[in-house]
Amino acid sequence: MAQGAKDSTSPFVLNLKEITHGLLFLTFDDHDVVGWRKAIPFFAQNNVRATFSLSGVIDDGALECMKALREAGHTVGLHTLHHADAPEYIEKHGAAAYMKDEVKPQLDVCKKAGLAISTFAFPNNRYDDVSLELLSAKFRHFRVGCGLPRGSAVADFDKAFTPIDKFEGEKLFRGFGVGEYYGSRLDDLEAVLDRLARNNEVATLFSHGIAPCAKGVNMPLELLVPLVSHARSLGIVMAGLDDVPW
Ligand SMILES: [Zn+2]
């Protein structure tokens, strides 16, 4: 069992001081309620706590999925009702309209179902000071991008990495995309993990649906399985955004 991680079903708070070989946040956005549920046993077997941020209408099926993920120890976040870019929407329609049209409908469903939500993934990684301040009234942890140019190697891109001793209190989780669309290659991802473990750094990865041979912006199991296996062999802790103690 990786250091710093416990039984995935127990309440769990990361102790950064116990992490010596890197910390990785696996995050997934949008609405793959079928693929995500199917991945729960794989994550459980590999002691992975991940983060899933829902976009779209949270109907009964989505709610069941969110509850199952939460029960399995994962972080469940929100990703807005219509996937609108926050800065542009706020600029055009105002902050109140953004909350009413994009955020509140999802939050209301979760509240009614007794699901407390602390994590928000900005659609298309679009955010600015105004939207961040606005959403900070409702959420504590935010998945954004790290600015990696599409197709470039992640392992050499310093903005994708944070030393563990500089990470405490950070509310922005700056991710890099993984999937065909992002030009991801297993050798680069393994180099990312090697760097994390070697330097005891923190990194965040984002993708979307999870399936065998998944294309586009989605996570193929052919990448996810060896990636998780390599991370485990290096002693990297894989946690959800809500597992941080702030
Ligand atoms: Zn999205």
Side-chain angles (χ1 to χ4, degrees), residues 24-39 43 50-59 61-63 65-66 69-70 74-93 97-110 115 117-128 130-132 134-136 138-151 154 160 171-184 203-211 214-221 223-224 227 240-242:
L24 178 65
F25 294 97
L26 299 172
T27 76
F28 301 90
D29 297 347
D30 294 357
H31 203 95
D32 183 19
V33 295
V34 175
W36 294 346
R37 274 193 92 142
K38 277 192 190 159
F43 286 132
T51 300
F52 301 85
S53 299
L54 269 284
S55 59
V57 174
I58 301 176
D59 57 14
L63 203 52
C65 175
M66 293 170 88
L69 290 166
R70 173 71 59 89
H74 300 292
T75 291
V76 176
L78 296 181
H79 191 48
T80 79
L81 189 57
H82 304 104
H83 211 276
D85 291 345
E88 288 75 8
Y89 200 95
I90 292 167
E91 169 86 30
K92 202 167 172 193
H93 305 285
Y98 178 75
M99 294 307 284
K100 178 174 151 287
D101 299 342
E102 290 296 310
V103 181
K104 196 169 177 294
Q106 289 196 317
L107 267 181
D108 285 350
V109 175
C110 294
L115 272 176
I117 304 285
S118 308
T119 284
F120 184 83
F122 279 96
N124 305 312
N125 291 324
R126 297 281 307 137
Y127 78 104
D128 58 6
V130 172
S131 49
L132 185 59
L134 179 70
L135 288 156
S136 293
K138 299 284 180 192
F139 305 93
R140 294 201 308 278
H141 310 130
F142 299 91
R143 222 292 321 301
V144 297
C146 71
L148 178 77
R150 182 148 63 96
V154 184
K171 69 177 178 179
L172 294 179
F173 294 70
R174 298 177 176 86
F176 59 90
V178 172
E180 180 191 48
Y181 171 84
Y182 306 101
S184 302
T204 300
L205 164 169
F206 67 84
S207 193
H208 300 82
I210 301 174
K215 301 290 184 199
V217 298
N218 300 302
M219 173 67 89
L221 281 173
L223 268 185
L224 182 63
L227 187 142
L241 269 58
D242 288 353

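Computed over heavy atoms, backbone and side chain alike; hydrogens, waters and symmetry mates excluded. First listed ligand is number 1; within each ligand, the first listed atom is number 1. No experiment lies behind these values; they were computed from the predicted model shown.
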For the Zn ion (ligand 1), decide whether His208 has an N, O or S atom at a distance under 2.8 Å. no
Heteroatom test (N, O or S) for Asp30 near the Zn ion (ligand 1), limit 2.8 Å: yes
Geometric class of the His93/Tyr89 ring pair [parallel <30°, tilted 30-60°, perpendicular >60°]: tilted
Under 30°, 30 to 60°, or over 60°: which ring-plane class applies to His141 and Phe173, parallel, tilted or perpendicular? perpendicular
Could you tell me if the ring centre of His79 sits under 6.0 Å from that of Phe120? no
Side chains of Asn125 and Arg143 only: does a donor on one sit below 3.5 Å from an acceptor on the other? yes
Atom of His79 closest to the Zn ion (ligand 1), considering N, O or S atoms: NE2
